[in-house]
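First comes the structure, then the notes that go with it.
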Amino acid sequence: MTDAVERPDGPKVEEDSVVLDAKGLRALAHPVRVQLVGLLRKYGPSTATRLAERLGVNSGTASYHLRQLGAAGFVEEDTERGNARERWWRSVHRTTWFNDPELAEREPEAALAYQQSVAAIYTLRTQQTLNELQTMPRAWRNTFDMSDWALRLTPEEAAALNRELMEVLTRYRREAPDTAASAPEGAERVAVIMQILPELDAPAASSLSSGPQEEEGSPTS
């Protein structure tokens, strides 16, 4: 999501977002880089050392991946905070869009690696919330939800469902490190993870073989 443009398959793309191209997709095809970008967007500018502590990796690893993200335009050095001894980094964008089937076909390995990294982070977020759920105030415990709905849709209906859900989400207050102070009393960060997962039916048994049917009990090899 870079410019405020209308995508044919989704809502408007905000100016502070990035739409992945081939270079960006390859740059994010690593789980540590996806997590680094996410942490900078969630908590604001930070150093490689502090980010490494959060991720459980060494600072050299975090520094290397931050430099790669910087070369790809996802993060940049925060010169207002940095000094000769400590280098600070900040995220350039607020959100990432990747919804380009043609790009996914051209870069299948990078697309899969990126999507697998995102899925792993979603799983980790869910597990962290579950671990903390019993110590949360009751009002917040009552908001927790894990639901799945089995629907039978055409591709067009599934795309329409996605657009409608996105439109609902855009009506609510966005989270960013610099908006917490202006939020109403009692407001906390809430992660909404939306997934639309096609589960295509297996072919009917009668269509599995185009040749003559074998007699019951006849050997197959």
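Quantities reported herein were computed from a predicted structural model and do not represent experimental measurements.
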So do the side chains of [X] and [Y] get within less than 4.5 Å of each other, counting heavy atoms only?
X	Y	value
Trp89	Thr47	no
Ser63	Arg87	no
Val75	Leu36	no
Arg174	Arg94	yes
Leu69	Tyr64	no
Tyr114	Leu20	yes

Kindly indicate, with the supporting measurements, whether the criterion side-chain contact (heavy atoms from CB on, under 4.5 Å) is fulfilled by Asn162 and Met194. CA-CA 9 Å; Asn162 182 64; Met194 189 177 75; 3.2 Å; yes
When you check the gap from the basic side-chain N to the acidic O, do Asp201 and Arg152 get nearer than 4.0 Å? yes
Show the nearest heavy-atom pair for residues [X] and [Y], with the distance to one decimal.
X	Y	result
Ala52	Ala62	CB-CB, 3.9 Å
Ala71	Lys23	O-NZ, 3.7 Å
Thr170	Glu167	OG1-O, 2.7 Å
Ala139	Thr143	O-CG2, 3.2 Å

Enter the distance from [X]:[atom1] to [Y]:[atom2] here, rounded to the nearest 0.5 Å.
X	Y	atom1	atom2	value
Leu55	Leu39	CG	CG	5.0 Å
Glu77	Leu66	CD	CG	10.5 Å
Ser91	Lys42	OG	NZ	14.0 Å

Do you reckon [X] sits in the same ILVMFWY cluster as [Y], going by side-chain contacts under 4.5 Å, direct or chained?
X	Y	answer
Ile193	Leu124	no
Val118	Ile121	yes
Trp140	Val192	yes
Tyr122	Val37	yes
Leu161	Met166	yes

Are Leu51 and Leu40 close enough, and set up right, to give a side-chain contact (heavy atoms from CB on, under 4.5 Å), and what steps lead you there? CA-CA 8 Å; Leu51 293 167; Leu40 290 173; 4.0 Å; yes
For the backbone of [Y] and the side chain of [X], can you confirm whether one donor and one acceptor N or O come within less than 3.5 Å of each other?
X	Y	answer
His93	Thr95	no
Arg141	Met136	yes
Thr61	Val57	no
Arg33	Gln68	no
Glu107	Ala104	no

Check step by step if side-chain contact (heavy atoms from CB on, under 4.5 Å) holds for Leu25 and Leu103. CA-CA 9 Å; Leu25 181 61; Leu103 175 58; 4.0 Å; yes
Please check if atom CD in Gln195 has more than 12 non-hydrogen atoms from other residues, nucleotides or ligands closer than 6.0 Å. yes
More than 12 non-hydrogen atoms from neighbouring residues, nucleotides or ligands closer than 6.0 Å to CG on Asn131, yes or no?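 Above 12, so yes.
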Could you check whether Arg54 makes a cation-pi contact with Tyr43, meaning its NZ or CZ is under 6.0 Å from the centre of the six-membered ring and within 45° of the ring axis? yes
Test Arg41 against Thr96 for side chain to side chain donor-acceptor pair (under 3.5 Å), laying out the working first. CA-CA 11 Å; Arg41 290 176 179 175; Thr96 301; 2.8 Å; yes
Go through the steps for Gln115 and Phe98 under the test side-chain contact (heavy atoms from CB on, under 4.5 Å), then give the verdict. CA-CA 9 Å; Gln115 291 169 325; Phe98 175 50; 3.6 Å; yes
